[in-house]
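What follows is one structure encoded as structure tokens, with my remarks underneath.
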Amino acid sequence: MKILVCISHVPDTTSKINFTEGDTKFDTNGVQFVINPNDEFGLTRAMWFKEKQGATVDVVNVGGAETEPTLRKALAIGADNAIRVDAVATDGFFVAKQLAKVAKDGGYDVIIAGRESIDYNGGMVPGMLATLIDANFVNTCIGLEIEGTTATATREIDGGKEVSTTQLPLVIGGQKGLVEESDLRIPNMRGIMMARKKPLNVVAAEASGAAAKSVKFEKPAPKGEVTLVSADNVGELVTLLHNEAKAI
């Protein structure tokens with residue numbers, strides 16, 4: 001079984017975010033980048049298939065040379081090979097087109113992507129990728145088992161879970177729950193040393209225009225001052241919630 005895990009190179013959630021050039025571009029200065037958390041859950045699940053069922057696991061990213069440390073971390077966690085599509089990830093459709101080319105060329109049985117990245121939260125790439133390669137698709141996936149060419153996937157729905165079976169090839173949009181947080185892997189020294197010897201292949205991007213363009217970025221408004229109300233003054237609390245907070 002061949003598995004491809006899509007890896008997004010995203011800012012650490014503790015990083016301070018700023019924009020430049022009139023709030024039209026993201027400022028990367030001083031920002032630490034990590035594997036997208038939803039992708040990390042998927043990579044850990046892929047490692048389980050590698051260890052228990054003998055699967056081979058490749059990781060892929062669309063980005064410049066600055067994303068290679070993130071791919072190397074994925075290799076240190078246990079992936080066999082890494083692929084970097086040498087292009088700026090302009091929008092979701094462009095990324096999906098690049099991933100589709102890699103998926104078709106590699107003949108993968110399962111493609112695991114995060115349901116969304118935590119930078120732009122587009123949530124569109126896995127579905128478009130599945131359509132482009134004519135594969136089955138399960139989004140918001142929190143459980144995956146594979147036996148032969150049949151996959152059993154559990155996904156999160158409003159108010160519960162849905163379990164379905166489908167045939168390979170399969171694309172999933174994974175998220176927290178695909179594995180337990182306690183099962184996420186931290187590269188050890190042996191893994192880091194081995195990662196240096198594993199292949200990281202750089203491939204040219206497919207010609208494809210961007211379908212969308214970011215016009216401007218805007219930070220959330222800063223939070224206002226806190227108004228303290230005495231526990232004995234319920235009337236004032238009701239007035240503030242009604243007139244100022246518009247909550248009631």
Side-chain angles (χ1 to χ4, degrees), residues 1-15 32-53 55-63 67 69-83 89 92 95-96 99 103 108-130 135-146 151-158 160-164 166 168-188 191 195:
M1 178 167 59
K2 294 186 66 177
I3 300 176
L4 180 67
V5 181
C6 305
I7 300 291
S8 291
H9 174 78
V10 300
D12 191 301
T13 53
T14 61
S15 298
Q32 181 178 352
F33 286 81
V34 297
I35 298 175
N36 181 51
N38 286 321
D39 302 340
E40 196 167 6
F41 287 111
L43 178 59
T44 303
R45 190 59 181 161
M47 289 301 100
W48 188 92
F49 288 119
K50 176 181 176 179
E51 293 165 0
K52 304 295 183 182
Q53 300 184 4
T56 59
V57 178
D58 294 350
V59 292
V60 61
N61 166 262
V62 179
T67 70
T70 298
L71 285 172
R72 287 291 179 194
K73 181 180 178 182
L75 290 172
I77 288 172
D80 298 300
N81 305 285
I83 302 164
V95 171
L99 296 177
Y108 294 97
D109 303 296
V110 181
I111 296 120
I112 300 176
R115 70 177 178 88
E116 64 180 356
S117 60
I118 64 168
D119 47 7
Y120 297 104
N121 299 100
M124 63 184 77
V125 171
M128 290 194 292
L129 169 58
N136 295 316
F137 175 52
V138 177
N139 204 16
T140 62
C141 189
I142 56 173
L144 181 64
E145 301 287 346
I146 299 172
T152 301
T154 304
R155 73 184 192 99
E156 189 175 66
I157 59 174
D158 289 341
K161 302 175 182 178
E162 179 184 65
V163 179
S164 58
T166 186
L168 305 182
L170 171 67
V171 177
I172 70 161
Q175 63 177 48
K176 180 179 178 180
L178 192 58
V179 297
E180 298 296 330
E181 284 191 77
S182 59
D183 292 330
L184 293 176
R185 304 188 179 192
I186 299 173
N188 55 31

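Atom CD of Q32 sits in a sparse spot, with 12 or fewer heavy atoms from other residues, nucleotides or ligands closer than 6.0 Å. Within a 6.0 Å radius of CD1 in I186, no more than 12 heavy atoms belonging to other residues, nucleotides or ligands are found.
A side-chain contact (heavy atoms from CB on, under 4.5 Å) with C6 is found for exactly one of V125, V171, I111, namely I111. No option in N61, T70, T67 other than T70 meets the side-chain hydrogen bond (donor to acceptor under 3.5 Å, both in side chains) test with H9.
A distance-only check finds no donor-acceptor pair linking the side chain of R185 to the backbone of T44 [under 3.5 Å]. The main-chain N or O of L4 is never found under 3.5 Å from a side-chain atom of D58 such that the two would form a donor-acceptor pair. For the pair N36 (side chain) and V10 (backbone), a donor-acceptor distance under 3.5 Å is absent. Between the side chain of T140 and the backbone N or O of E156, at least one donor-acceptor pair lies under 3.5 Å. Using a distance-only test at 3.5 Å, with no hydrogens or angles considered, a donor-acceptor pair links the side chain of K50 to the main chain of G78.
Separation of atoms CG (L178) and CH2 (W48) is listed at 11.5 Å; rounding is to 0.5 Å. Taking CG of N121 as the reference point, atom CD of E116 lies at 4.5 Å (rounded to 0.5 Å). Within the model, atoms CZ of F49 and CD1 of I112 stand 6.5 Å from one another, a figure rounded to the nearest 0.5 Å. One distance of note links CG of N81 with NZ of K2; it measures 9.0 Å at 0.5 Å rounding. The distance from the OG atom of S8 to the CD atom of E40 is 12.5 Å, given to the nearest 0.5 Å. Rounding to the nearest 0.5 Å places CD1 of I3 at 8.0 Å from CG of L144.
When all heavy atoms of V62 and A89 are compared, the closest pair comes out as O-CB, 4.0 Å. A96 and M128 make their closest contact through CB-CB, 3.9 Å (heavy atoms, listed as atom of the first residue, atom of the second, distance). Nearest heavy atom pair, residue F137 against residue P126, reads CE1-CB, 3.6 Å. Shown here for K176 and N38, the closest heavy-atom pair between the two residues is N-OD1, 3.8 Å. Nearest heavy-atom pair, A195 versus A76, reported as atom, atom and distance to 0.1 Å: CB-N, 3.6 Å. Taking each heavy atom of D39 and G114 in turn, the nearest pair found is OD1-N, 2.8 Å.
Geometrically, R45 does not engage F41 in a cation-pi contact, judged by NZ or CZ lying under 6.0 Å from the ring centre and within 45° of the ring axis.
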Would you please test I35 and I77 for side-chain contact (heavy atoms from CB on, under 4.5 Å) and show each step? CA-CA 11 Å; I35 298 175; I77 288 172; 4.3 Å; yes

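I146 is not listed as a side-chain neighbour of L170, based on a closest heavy-atom distance of 4.5 Å or more.
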